[in-house]
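Naming: A, B, ... by sequence-line order, numbering from 1 per chain.
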Amino acid sequence: MALVHKLLNGSYILRKGLKPSVAACPFLSTRSADYCSSSLQKPVATPGKASTQRTAAGGLQEDQREVSFDKAIKDEIKEHFRRLKDEIVNHWIGPEGRPLQEIILEQARVVWQFRGKEDLDKWIVTSDKTIGGKSEVFLKMGKNNQSALLYGTLSSAAPQDGENSQSGYCAMISRIPRGAFERKKSYDWSQFNTLYLRVRGDGRPWMVNIREDTDIIQKTNQMYSYFMFTRGGPYWQEVKIPFSKFFFSNQGRIRDAQFQLLLDKISSIGFTLADKVDGPFFLEIDFIGVFADPAHTEEFAYENSPVLNPRLFK
Amino acid sequence: MSPLSALSLRLCCHPPGTGVMPNKETEFLLVQIFGRKSYPMLKFVRMKLWFSRFKNINPFPVPRDLPKDPVDLAVLGLRHIEPDLSARVTVYQTASSKDSTGTADPTQQHIVGIQSPDQQAALARHNPARPIFVEGPFSLWLRDRCVYYHILRADLVPPEEREVEEIPEEWNLYYPIQLDLKYGRGGWDDYEFDIDEVEEGPVFAMCMAGAHDQATLAKWIQGLQETNPALAQIPVIFRLTGSSGELLASSSGLEEPSPPPPQEQEEEEDHTQRQQQGQS
């Protein structure tokens, strides 16, 4: 995916024209948050030398740009083969490169931590600017590089495009884990049953969304969500949400036929703020983990009702 | 779907934000107008179902009608963020009422502080050689109102200097003083996360004030000194973002030696400045 991205961007420099990066993303839907939109503060990655050089000699320009383009391609190919080699080697050690007994006995796993800039690269930040709204959102490292701070301003002024009557949302979504040659990988959390977040908010209610692996194409618009209420205050807050509480929604609407979240192929997690209250907000996240709560035996919190879904009860 | 039912559906869409529960009268009206198997009726059933499921999921509920009085709002906010229920809220100063002409601003802003007995004990034990900081303002949203609070905290003590408190065993024979119950079911259970959590210095007190300048906060510190006499010996540094920046003030006029240089800036500096501009 990034290779295709680089190819397209490299080619537009040679052609000296401008193509919007949106064209590179085939699946861009207006309703659900999209993975392809780059975060608001990180520009599209082009070969560094090419963008900064503005020499008068046109021919020299072309040559230097071509050289760096080739170098970028070579680096990318090397990186992918290295990942492939890692995958093959890790297969012999155990799932995901860790020995099998460690994986089986594990009862608490840290999935995302925020201890450095490279941890921030695993997240994409979106807001309703994509549909023309006015909210802003930024993500940066917090104090002492020990946490991530998601902050910004929410504005529910609807964009005047005749199509949207409501607006005002901000979201932070994790990137889908990629393997060699940008194949999509997924998380396997089948032995855990609770999501654990250590956050510090400002009293606003957030929504946690989990998306499953999109090997079935309909799953791109489906997600499981639940609410996360922050307390505010200077103390760190532990939020434990069992996976049985997540309700199913398709195309942004809660559906009548509810089923529990199956944990064997999770692709990404996201936090959304859309509480229709204008103003600045912040959320500091220490880490995100999953653990197996032995006291939680519920399988699914919502039962289907025969009024809404008579077919299920025939 | 007829235009009438579409309009009624859109009207029904508004409640999700306000937390209004549909009731029997609405159901009767909908059945009379649209029928039992119509789309508005379906939407009504869905709303009833999902709103009743999500009615009580907030572990930190905030009352729907927030108090208008800023002192009451500050008390509510401080109680909201302090998990210790035995904390005491003290109103140091109430906002003086406006003049009859209504032109002048209130001369004094309200100052409300909160401190729990544990925090009081920690402050009494605090080493006077280390300064404590007044940090703020941080924002707290209660439904749709934003209030700002300041905290009084010290930096983290490095592990070498931390003193371990030893509790003598069994000085009370009626019930155990220290109960070490493990969550696990056996020796193989390990529910700890493999990460060092963020550690921050202890918080000694919190306050909400009408103004965010140093003068108001100095009054709060003076008010705190009545219940914490040890505070008089400790240098207090004001780390206020968005106002005058780093300033050193020593409490109760004691002459303190030159202050230690400011170590790290608050990371929320940028956005609190934006908040200050965005705050109505």
A/Pro159 backbone acceptor or donor facing A/Asn164 side chain under 3.5 Å: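 No, A/Asn164 side chain to A/Pro159 backbone: no donor-acceptor pair under 3.5 Å.
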
A/Arg198 side-chain N/O to A/Phe287 backbone N/O, donor-acceptor pair under 3.5 Å: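 Side chain of A/Arg198 to backbone of A/Phe287, a donor-acceptor pair under 3.5 Å: no, none is there.
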
Heavy-atom proximity to chain B below 4.5 Å, by part of [X]:
X	result
A/Thr230	backbone
A/Glu106	neither
A/Val290	backbone

With A/Asp278 via salt bridge (Lys or Arg N to Asp or Glu O under 4.0 Å) - residues at least two apart: none

Taking side chain to side chain contact (heavy atoms under 4.5 Å, CB included) as the test, write out the residues that go with A/Cys170, two or more places apart.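 A/Ser127, A/Ser135, A/Val137, A/Leu154, A/Phe281.
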
Name all residues meeting the side chain to side chain contact (heavy atoms under 4.5 Å, CB included) criterion together with A/Leu100; count only those two or more places apart in sequence or in a different chain, and write none if there are none.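 Side chain to side chain contact (heavy atoms under 4.5 Å, CB included) list for A/Leu100, sorted by chain: A/Pro95, A/Ile104.
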
Let's test your reading of the structure: which of B/Val45, B/Asp194, B/Leu42 forms the most heavy-atom pairs below 4.5 Å with chain A? B/Val45

So which of A/Met228, A/Gln146, A/Arg204, A/Gln237 has the largest heavy-atom pair count under 4.5 angstrom toward chain B? A/Arg204

Closer than 4.0 angstrom, basic N to acidic O: yes or no for B/Arg153 and B/Glu200?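 Yes, B/Arg153 and B/Glu200 are salt-bridged.
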
Okay, B/Leu49 and chain A: the region with an atom under 4.5 Å from a heavy atom over there is side chain

Strictly less than 4.5 Å between heavy atoms, which residues of residues 298-307 of chain A line up against chain B? Please order them by number. A/Tyr302, A/Glu303, A/Val307

When rounded to the nearest 0.5 angstrom, what distance separates OG in A/Ser249 from OH in A/Tyr224?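 If we round to the nearest 0.5 Å, A/Ser249:OG and A/Tyr224:OH are 9.5 Å apart.
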
